[in-house]
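Everything on this sheet refers to the single structure shown next.
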Amino acid sequence: MDASLPCTSYHSVVVVGAGVAGLYTAKLLQLQYPDLLVVEASHRIGGRIQQVEGLVPWPVELGPEFVHGGKSSLQGILRSMGVKTQEYAWPDRWYFGAERRLIDSSVEDPDLEATHALFAGVGDEEYPAQDLSAEEWMRSRGANDRMVAIADACYANDFGCSISQLGLREMITENRRWDSGETYLVLDRSLRSIVEHLAEDLHGSVRLSCPIHRIEHSAHGALLHGPEGVRIACQHVVVTVPVSLLQREQIVFAPALPEEKLAAIQRVKISNAVKVILAFSRPFWPAGFFDVVCTDSFIPEFWVTDYPATSTSADTQGLVAMVGFAAGLKAEEMSHMRASAVVQKALDQLDQVFGSGPQDRPATAAFVRAHIADWSREPYIRGAYTYPTKDAKVGDREALAEPIGLTVFFAGEATHPAINPCIQAALETGQRVAAQIQAASGGPQSKL
Ligand SMILES: Cc1cc2nc3c(=O)[nH]c(=O)nc-3n(C[C@H](O)[C@H](O)[C@H](O)COP(=O)(O)OP(=O)(O)OC[C@H]3O[C@@H](n4cnc5c(N)ncnc54)[C@H](O)[C@@H]3O)c2cc1C
């Protein structure tokens, strides 16, 4: 990366944000626009793809960890990288906190089946004129408290929010347009490799530690304002920052963005997510265990994370890891707790889920160290990922994606019209915006 770029420069294309959407846009446009520049606010590339080292013998993912769906558009990139994946059915166990009962997902449970049937059929619903939360919608379809608790821990948490925040309208769109498949894929290496692959030819074209705070734009181009008087002029600018930052007006646009886009920016929400990563001296879960969704519990989901060792440090040798994932209101609650209290409650929960007989505190007994990733604290992300938001309108995602003339373009997971907050969606928005810029300058359409 070139840190010595001049304070005022001109580029035909500037991409704001070096997450996967920004990096993919740059990769697709780089040949045609060799002077393209990516500006990134933080000191690293990858955005929400981030790892922590030194807990166990491999880097543990702080953000995304799974490829959602075996038919995802990410598959082409993974194949070209020679990545092998393993498929898991999700979820593989259930823990009912109120009943203190752990079951295999093959065990019949009428409330589980009824909840899955409701959510599988949400795409058949009519768009309501007045939006409902998923909880209100479930109750209107006769769901009981146990079903709501199941949906909160399973569907809402996976969507990155709580059941009261999840909106029916965007759930309908998501359900109708989801085309990636239902299995979870785990890669044979860190997701960092995807970031490295996207950035491999961008050396010298990425400027780090350069938060853009103002974009002046006209039909003729844009002037970007960065720290310490940095000015970057360009013909086309691609804004890929999380919608949470646009809501906080961390970038000021002059002239202001159109009313319709501003309203959509405020309606589409990102909630928080917290990952509690726990290193243990030995596994205390059943052989073959992958993941457990926990109703009426502090942390709604735990999974085992296991990659080929990349470190030989004596400090991590032989350790195993489990990750707790909480989103929405539960994550907000955790954000206000002391880290030691979060870890204690996580261990207590695992003791309850897996303890029995003389082994009644297996997690506590095997605990070595922990790391907590609280995404609300990331200054240039401020949350996890957009979720099907209550009171968002049909067409809001398209409004987020709408360019301003031929100068300002928008990409990033929030701008995907299928309400898809996954890595593949971020990549698809990068592909869309690259094609828009090529069309705007009369160039050939990307074949990638
Ligand atoms: C905890 C968690 C778990 C997840 N799990 C999964 C999963 O299992 N599978 C999956 O597919 N997806 C998952 N996701 C979602 C996935 O990470 C995102 O969809 C994807 O990484 C978004 O990429 P992006 O490029 O749109 O945004 P980002 O990665 O957020 O990139 C935006 C970039 O813009 C930069 N930026 C912000 N402000 C400025 C500024 N003013 N100037 C310059 N740069 C700026 C940011 O620093 C960032 O690098 C998860 C996300 C989180 C947080």
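When a ligand or atom number is given, it counts from 1 through the structure's own listing order. What's counted below: heavy atoms across the whole structure, side chains too, no hydrogens, waters or symmetry copies.
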Out of G430, P421, A426, who gets a non-hydrogen atom closest to atom 18 (C) of ligand 1?
P421
Can an N or O of V20 be found at a distance shorter than 3.5 Å from an N or O of ligand 1?
yes
Have a look at S42, P242, P64 and point out the one with the heavy atom closest to atom 17 (O) of ligand 1.
P64
Using a 4.0 Å cut-off to any heavy atom of G412, which atoms of ligand 1 qualify?
26 (O)
Nearest heavy atom to atom 8 (O) of ligand 1, choosing from F66, Y380, W375, Y385, belongs to F66
So which protein heavy atom does atom 26 (O) of ligand 1 come closest to, and at what separation?
E413 N, 2.9 Å
Mark up the atoms of ligand 1 that fall under 4.0 Å of a heavy atom belonging to L245, in ascending order.
37 (C), 38 (N)
I need the atoms of ligand 1 closer than 4.0 Å to a non-hydrogen atom of G47, numbered in the order shown.
29 (O), 48 (C), 49 (O)
Against the six-membered ring of Y380, is R248 placed for a cation-pi contact (under 6.0 Å from the centre, within 45° of the normal)?
no
Heavy-atom proximity to atom 42 (N) of ligand 1, best of L246, I45, V14, I212:
I212
May I ask you to identify the nearest protein heavy atom to atom 31 (O) of ligand 1, giving residue, atom name and distance to one decimal place in Å?
G19 CA, 3.3 Å
Nearest 0.5 Å please: distance from the CD1 atom of I172 over to the CH2 atom of W137.
8.5 Å
Short N or O distance, A41 and ligand 1, threshold 3.5 Å exclusive:
yes
Which distance, rounded to the nearest 0.5 Å, do you find between the CD of E61 and the CD1 of I49?
7.5 Å
Heavy-atom nearest neighbour in the protein, as seen from atom 34 (O) of ligand 1, with distance rounded to 0.1 Å
G17 CA, 3.3 Å
Could you state the interatomic distance from CG (L262) to CG (L246), rounded to the nearest 0.5 Å?
9.5 Å
Heavy atoms only: give me the nearest A399-E260 pair and the separation to one decimal.
CB-OE2, 4.2 Å
How far is atom 25 (O) of ligand 1 from its nearest protein heavy atom, and which residue and atom is that?
A21 N, 3.0 Å
Is it the case that K261 places NZ or CZ above or below the six-membered ring of F410, under 6.0 angstrom from the centre and within 45 degrees of the axis?
yes
What's the shortest distance from atom 35 (C) of ligand 1 to any protein heavy atom, and which residue and atom give it?
E40 OE1, 3.3 Å
Which atoms from ligand 1 have a heavy atom of V39 less than 4.0 Å away?
43 (C), 44 (N)
Geometry only, no angles: is I423 polar-contacting ligand 1 at N/O separations under 3.5 Å?
yes
May I ask whether Q250 has any heavy atom positioned less than 4.0 angstrom from an atom of ligand 1?
no
For L62, is the nearest heavy atom under 4.0 Å from an atom of ligand 1?
yes
If you measure every N or O of E65 against every N or O of ligand 1, does any of those distances drop under 3.5 Å?
yes
Enumerated ligand 1 atoms positioned under 4.0 Å from heavy atoms of I251:
41 (N)
Does the K71 side chain pair with the main chain of G181, one donor and one acceptor, at a distance under 3.5 Å?
no
Counting only heavy atoms not in E200, do more than 12 sit closer than 6.0 Å to its CD atom?
yes
